[in-house]
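In what follows, every heavy atom counts, from backbone to side chain, and hydrogens, waters and symmetry copies are set aside. Since we're looking at a predicted model, the values are computed, not measured.
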Amino acid sequence: MLILLGTVLFQFMNALPFYTMVDEWLCNVTGWSKLSQGLTIGLSSFGYSNYGYPDPIDYALITAIPVIAVYSLSRSVAKIGIPFKWSFTSLSYSLIPIFASAILARNLPKLLGGAALILNEIADPTGSYLRNSQVTSTFWGRVLHYLGSNPYQAHAEWWVLLIMEGVIIFGIYLGIRASNMLSQSDRISKKYYYSVVLGFGLAFILMTYWMSSPMSPSLSFYNPYLGNLVYNPLDATPPF
């Protein structure tokens with residue numbers, strides 16, 4: 001459960017500007033950049049190239065964050081007489097709604113930005129009328145275009161950010177409900193459950209907001225590592 005949550009956490013963090021800076025630096029310092037290019041010899045003829053993304057070190061560290069957080073908290077719970085294994089397992093279960101809502105939110109831009117065009121393929125498997133800009137002349141293409149999306153490039157619009165945040169908030173709500181139930185059955189104080197549920201839930205809310213930043217230095221509160229710290233949601237550009 002925690003490894004899965006760590007993987008989703010990585011998917012959120014790698015959409016922030018600072019991650020690319022750190023990852024490229026690590027790849028160069030550790031030599032992973034050259035090694036990865038050596039491992040992919042022959043793929044360049046197919047247009048494939050990379051600098052080593054992701055570096056195994058930062059990937060492993062980010063993925064391990066939920067494990068480290070719950071491990072540390074479980075050690076604290078163990079000091080008051082609750083077995084470590086019991087608390088570690090129970091606290092991990094409380095994060096299931098956070099994981100489910102986060103992975104759903106992370107993929108919503110793909111779904112709402114262009115995945116509905118799959119229904120066009122079902123209606124016309126040969127794709128005879130799907131030619132570049134003609135996509136908007138199809139039924140589902142018109143639906144996406146009406147919603148403000150760019151179905152040809154599968155770009156999601158600003159309103160997707162609101163749906164993403166709503167899904168994560170609902171996940172926090174379910175996580176709190178699960179925490180209350182687990183606390184009653186496992187005799188662990190609710191504050192321990194709430195700390196991990198709210199901690200990771202709020203982190204996903206902030207990262208969703210920042211990774212949808214328009215990345216415009218001309219806007220207020222621009223930060224080269226996180227994008228625009230404060231911006232009008234109408235200017236949001238959810239990742240596709």
Residues I103 and A100: closest non-hydrogen pair is CG2-O, 3.3 Å
Assess the residue pair L95 and F200 against the criterion (side-chain contact (heavy atoms from CB on, under 4.5 Å)); give the C-alpha distance rounded to whole Å, side-chain angles, the decisive distance to 0.1 Å, and a yes or no. CA-CA 8 Å; L95 288 169; F200 283 105; 4.1 Å; yes
Closest heavy-atom pair and its distance - P17, M215: CG-SD, 3.5 Å
Would you please name every residue forming a side-chain hydrogen bond (donor to acceptor under 3.5 Å, both in side chains) with Y19, sequence neighbours left out? D23, D58
Can you tell if the side chain of F204 reaches within under 4.5 Å of the side chain of I169, non-hydrogen atoms only? no
Which is it for I65 and L61 under the side-chain contact (heavy atoms from CB on, under 4.5 Å) test, yes or no, and what are the steps along the way? CA-CA 7 Å; I65 288 176; L61 289 176; over 6 Å; no
Looking only at heavy atoms, which two atoms of S92 and L2 are closest? And how far apart? OG-CD1, 3.5 Å
Determine which pairs satisfy ring pair (Phe, Tyr, Trp, His ring centres under 6.0 Å) with at least one residue from residues 212-235, sequence neighbours left out, and list them in order. Y209-Y231
Atom CG of residue position L234 - does it have more than 12 heavy atoms of other residues, nucleotides or ligands inside 6.0 Å? yes
Between M21 and P224, the two heavy atoms sitting closest are CE-O, 3.3 Å
Once rounded to the nearest 0.5 Å, what's the spacing between atom CG of L73 and atom CD1 of I68? 13.5 Å
Path from Y192 to Y93 over hydrophobic side-chain contacts below 4.5 Å: yes
For residues Y53 and N14, is any side-chain donor paired with an opposing acceptor at under 3.5 Å? yes
Should P239 and R106 count as side-chain neighbours, where that means a heavy-atom distance under 4.5 Å? yes
side-chain hydrogen bond (donor to acceptor under 3.5 Å, both in side chains) involving N223 - partner list, sequence neighbours excluded: none
Backbone N or O of I188 within a donor-acceptor pair of the D186 side chain at under 3.5 Å? no
Any side-chain donor near an acceptor of the partner, S220 and N228, under 3.5 Å: no
Which value, rounded to the nearest 0.5 Å, describes the distance between T63 atom OG1 and Q11 atom CD? 9.5 Å
Mind checking the CG-CZ spacing from L174 to F170? Nearest 0.5 Å is all I need. 4.0 Å
Trace of the side-chain contact (heavy atoms from CB on, under 4.5 Å) decision for Y194 with N180: CA-CA 9 Å; Y194 289 173; N180 293 336; 2.4 Å; yes
With heavy-atom distances below 4.5 Å as the criterion, would you say the side chains of S213 and L226 are in contact? no
Any link between L104 and Y173 through a network of hydrophobic side chains (Ile, Leu, Val, Met, Phe, Trp, Tyr) touching at under 4.5 Å? no
For the rings on F84 and Y71, is their centre-to-centre separation under 6.0 Å? yes
Student check: side-chain heavy atoms of I205 and I172 closer than 4.5 Å: yes
Donor-acceptor pair, side chain of S183 and main chain of S179, under 3.5 angstrom: no
Under 3.5 Å donor-acceptor, S185 side chain and L182 backbone: yes
Report the distance from atom CG of L206 to atom CD of E165, rounding to the nearest 0.5 Å. 8.0 Å
Taken to the nearest 0.5 Å, the spacing of F12 CZ from M211 CE works out to 4.5 Å
Check A156 against P109 and note the closest heavy-atom contact, atom names and distance. CB-O, 3.7 Å
When S36, P54, S33 are each screened for side chain to side chain contact (heavy atoms under 4.5 Å, CB included) with C27, the one that passes is S33
Side-chain heavy-atom pair V22, T20 within 4.5 angstrom cut-off: no
Are a donor atom and an acceptor atom from the side chains of Y193 and S90 found within less than 3.5 Å of each other? yes
Check this for me: F18, atom CZ, are more than 12 non-hydrogen atoms of other residues, nucleotides or ligands nearer than 6.0 Å? yes
Crowding at CE, M181 (>12 non-hydrogen neighbours, <6.0 Å): no
Checking M207 against L9 for the side-chain contact (heavy atoms from CB on, under 4.5 Å) test, could you report, in this order, the C-alpha distance in whole Å, the side-chain angles of both residues, the deciding distance, and whether it holds? CA-CA 9 Å; M207 285 189 289; L9 183 64; 3.4 Å; yes
To the nearest 0.5 angstrom, please state how far the CZ atom of F99 sits from the CG atom of L4. 4.5 Å
Which atoms form the tightest heavy-atom contact between G201 and I168, and what is the distance? O-CG2, 3.8 Å
Please examine the side chains of I176 and L198, heavy atoms only from C-beta on, and report whether any two atoms are closer than 4.5 Å. yes
